[in-house]
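The block underneath contains the structure these notes are about, expressed in structure tokens.
These figures come from a predicted structure and were not determined experimentally. For this chain, numbers begin at 1 and follow the sequence in order.
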Amino acid sequence: MMKIFKRGRRYQLATLLTNSIFLTIGVLTLVMVLQNFQVNREVVAQEVARTKTQTQSLVQEIFNFRLKALEIQQDSYSRSVSLINGVVSRDQMAIDRFFTSIDQILPNLAPDIRFLASGEGVFWDDGNAEFYGISPFQLQHLNTDVVTGNSWHISQTPSSMGMRYLMMRRSPVVNLTNGEVVAHLYIGVVLNNNFSLVNAITKGSNADELILAVGSQVIASSKKIDDFRYVALLEESSEALNTSSYMVSRTDLTIAGVPTFLSVYTVQGNNHIEHFVKSQYLWMLFTGVMIAFIAISTRLWLGKRVSLELKKLMNFIESTFTEQKTHQFDGSGIEEFNQIGQRFELSFKRLNEQEKQFADLFNFSLSPITLWSTDDGQLLRYNPAAERCFKDEVSRERLVEALSHHVKMCAQGATLTGVNTTIGGITYRWNLSPIISDNATKQIMAQGQDITSFVEAEKQSQAAKEEAEESARVRADFLAKMSHELRTPLNGILGVSQLLKHSLNEQEALEHVDVLCNSGEHLLAVLNDILDFSKIEQGKFNIETNEFRLIELETTVEKIFMPLCVEKGIELSMRSDIESQMWANSDQVRLNQILFNLVSNAIKFTHQGQVCVELSSIETEQQFELEIVVKDTGIGIEEPQLKTIFEPFIQAEATTTREYGGSGLGLAIVHSLVELMNGTISIDSVVGKGTTLVARIPMDMYIGERNVEPNSLLVEPQSLFDESLHVLLVEDNHTNAFIAKAFCEKYGMSVTWVQDGHNAIDYLRDDPNVALVLMDNQLPSLGGIESTRIIREELGLNVPIFACTADGMQDTKRAFIASGADYVIVKPIKELALNKAMIYFKEKFIDIER
């Protein structure tokens, strides 16, 4: 045989075919036999179950019949005048004569024991109790046990011959003249060794053997049985299909439908089932013999018919591989062998063609291709392209030095890709793959590609990426610093304004303060627009959902923009189908921001006519959508500018910026917010006629009353704390410190003010008994985040620290919390935000300590 075949045991085709046929026939036959056996087994199981059920019914019926006969006889003679007279007169002889005559008439229905009892106890018995070893004292005990009803009771009583199990029944003896119960007649059946009861049930149930047991104790049987283990074996036999020579059925006796602890085991012959199982085994053995006979016959026939043709085919294959050239296959009388020979002839022709194609690819490829030895990792052969790339001996030595290690790795069977080498200032990327023959790696082929230009481009791309990241970092730092620098004076403006509102009574002065507050809020809104756009660009913008009344969007727009429209002489029209009790679960702040930007733009570019705002709730398949439509009769936008209107810092015309002002961020922020909230926005405009913007935002909506946090102060400052608390204020800006101190004093707090982190640390080191620390962020010398970390880690103080930062960036908030701060307040500080912070401080720190 040729070496292309795997080493190991080989089989002839005839043997393989024989084994296949044998396996197929054997499996099919075995399945049929097993199926037949299973069906017969189920039939037998059903028949056995039916037989057991019939036997159990017969046993129970015979038992019930026996008891019923005793009941009828007892009830009949308990009304006898002779018995009543004897009982009334306590004539023992008359009672004996009465029961003797009864037993002579119906000897088979006589109970084992009888006795009469009244309130004073047993006054007569038939004397049979002593025969069973039951003393008069035990009769008195049985009398007291059976005190209610006329049903059968199973009792057990000790006797001189061991424990006795009895079935007792009580019947009243009634004086027919006056209806008085003069006594009670007791009859009893002794179950121990009760051969008459056992024989009656055995004959009626057609059983070969019968056992009456209490649990595992045999108390009566048709044959003598002393071994209790026999009952355990019968229990096991009664639970499964019995294929031995007997069948066991267990009946748990009941009296008047009430279960008892008595069990009856019946044993019946089972020879027909045993014969059936043996016949099944014989058929299976016969089937196995037939399968073996068919397999041997098939083997002999295939060996004679197939071997000659198979040998012819193998000679053709061997000669083709030996001479390494294609021969014409002469054909075979077996169709399959003929096809194999033709396919092999065609395959060898294609192999020759592929070898020629590989040689052409190797010789005429523009990429360098090399062949390496797996033994010593030496360069064996290279194509003309590789020869042009590595002309001199030095470059070839460098190539061998660069790739020899990878060639050794590839010799272990691995395929390597993306191996870069630089030789003579040119970078090549190599792919190495093993050439396997006869299950062994013979050579390694390495194909290279000049990627010098790609590497240079990658370096430039990396440099550009680093430059962009640095630019983004610098811009983020600038925005954080700008946020702090702008929010600090705004904190002063808004803080003093809020303090003045509570100290002024004159209407004109209050109006001036309102103007001051509105101006500060406007500046804060502009700052928030710039910071929001920066967060959106950096992917740090978060949508925070809460419940709010949806109608608030409409009322807020009217209150804010109606005065502005009146001043410009245009009409503001509000249309809405939103009900007053409709609630939404979304980001109310961002929805206001979207709506304010759209309405503000519409008013800005409308000089006459009207601005129409429509709010609608639209029910979709999965949830609701809020549709915001803002229409105006303003200057409009030309068609080419509509494509870029949502780009940042873009306005319709260059003159628009000069005439109307603005940064061009409004619609860009709106577009980004709508996308963040999984919504859509579209615009339609005609120059000189106006513009329509439609935004649709999905959200959850409800109708009904909800519990929502109020916008007013939650707790009055002067009533929040029961005592004056000491607060350490760390703030470098005098205005901010003045405002924060004034706010804290409204809560009855005493404030100590320090201007940097070092002073705060020194103060806490000397006097750690401070109730609360208000820590600014950007402090001279030592920042607020680092100061917080030192207080927690180096001083080891657990004093509550509330950060107050003008930098609204999420990274700053997270840094404060990570360093040990308990709460973060964003400047400019507002009364409601400070009120929430103080309530949090009281609940988490003051109330818990108490």
[atom2] on [Y] to [atom1] on [X], rounded to 0.5 Å:
X	Y	atom1	atom2	value
D126	D103	CG	CG	8.0 Å
R696	S616	CZ	OG	9.5 Å
H141	S135	NE2	OG	10.5 Å
D91	L83	CG	CG	11.0 Å
M699	S586	CE	OG	4.0 Å
I201	T55	CD1	OG1	12.5 Å

Quick check on F65: does its CZ atom have over 12 non-hydrogen neighbours (other residues, nucleotides or ligands) under 6.0 Å away? no

Does CZ belonging to F123 count more than 12 external heavy atoms closer than 6.0 Å? yes

Is the shortest heavy-atom distance from the side chain of [X] to the side chain of [Y] under 4.5 Å?
X	Y	result
R90	I95	no
D822	F845	yes
H153	D145	no
L626	I578	yes
I255	I154	yes
I113	L166	yes
E547	Y702	yes
D587	L591	no

Between [X] and [Y] (side chain of the first, backbone of the second, donor and acceptor by atom type, cut-off under 3.5 Å), is there such a pair?
X	Y	value
Q60	T254	yes
R250	S263	no
N194	L197	yes
S159	M161	yes
N175	I84	no
N128	D112	yes
N192	M163	yes

Closest heavy-atom pair and its distance - [X], [Y]:
X	Y	result
P698	E625	CA-CG, 3.9 Å
V122	L139	CG2-O, 4.0 Å
L142	S155	CD2-CB, 4.0 Å
E579	I703	OE1-CD1, 4.0 Å
L253	L212	CD1-CD1, 4.3 Å
S221	V198	C-CG1, 3.7 Å

Passes side-chain contact (heavy atoms from CB on, under 4.5 Å), I219 versus N193? Steps please. CA-CA 6 Å; I219 59 175; N193 299 320; over 6 Å; no

Applying salt bridge (Lys or Arg N to Asp or Glu O under 4.0 Å), can you list everything that pairs with E130, at least two apart in sequence or on another chain? none

Residue list, salt bridge (Lys or Arg N to Asp or Glu O under 4.0 Å) with D125, at least two apart or on another chain: none

Could you tell me whether the side chains of T157 and Q138 share a donor-acceptor contact shorter than 3.5 Å? yes

Check D75 with R169, please: is the shortest side-chain N to carboxylate O separation under 4.0 Å? yes

Residues D96, R114: salt bridge by 4.0 Å N-O rule: no

Please test Y823 against F841 for ring pair (Phe, Tyr, Trp, His ring centres under 6.0 Å), starting from the C-alpha separation and ending with a verdict. CA-CA 9 Å; Y823 198 90; F841 167 65; over 10 Å; no

Does R549 form a side-chain contact (heavy atoms from CB on, under 4.5 Å) with M582? I'd like the steps, not just the answer. CA-CA 6 Å; R549 197 185 299 270; M582 183 172 288; over 6 Å; no

Evaluate L550 against W583 for side-chain contact (heavy atoms from CB on, under 4.5 Å), listing each step before the verdict. CA-CA 5 Å; L550 201 56; W583 296 77; over 6 Å; no

Do any pairs count as a ring-ring contact (aromatic ring centres under 6.0 Å, His included) and have a residue in residues 99-118, sequence neighbours left out, and if so which ones? Y77-F99, F99-W124, F115-Y186

Could you give me the CA-CA distance, side-chain angles and deciding distance for Q73 and I102, then say whether side-chain contact (heavy atoms from CB on, under 4.5 Å) is met? CA-CA 9 Å; Q73 185 192 48; I102 292 297; 3.7 Å; yes

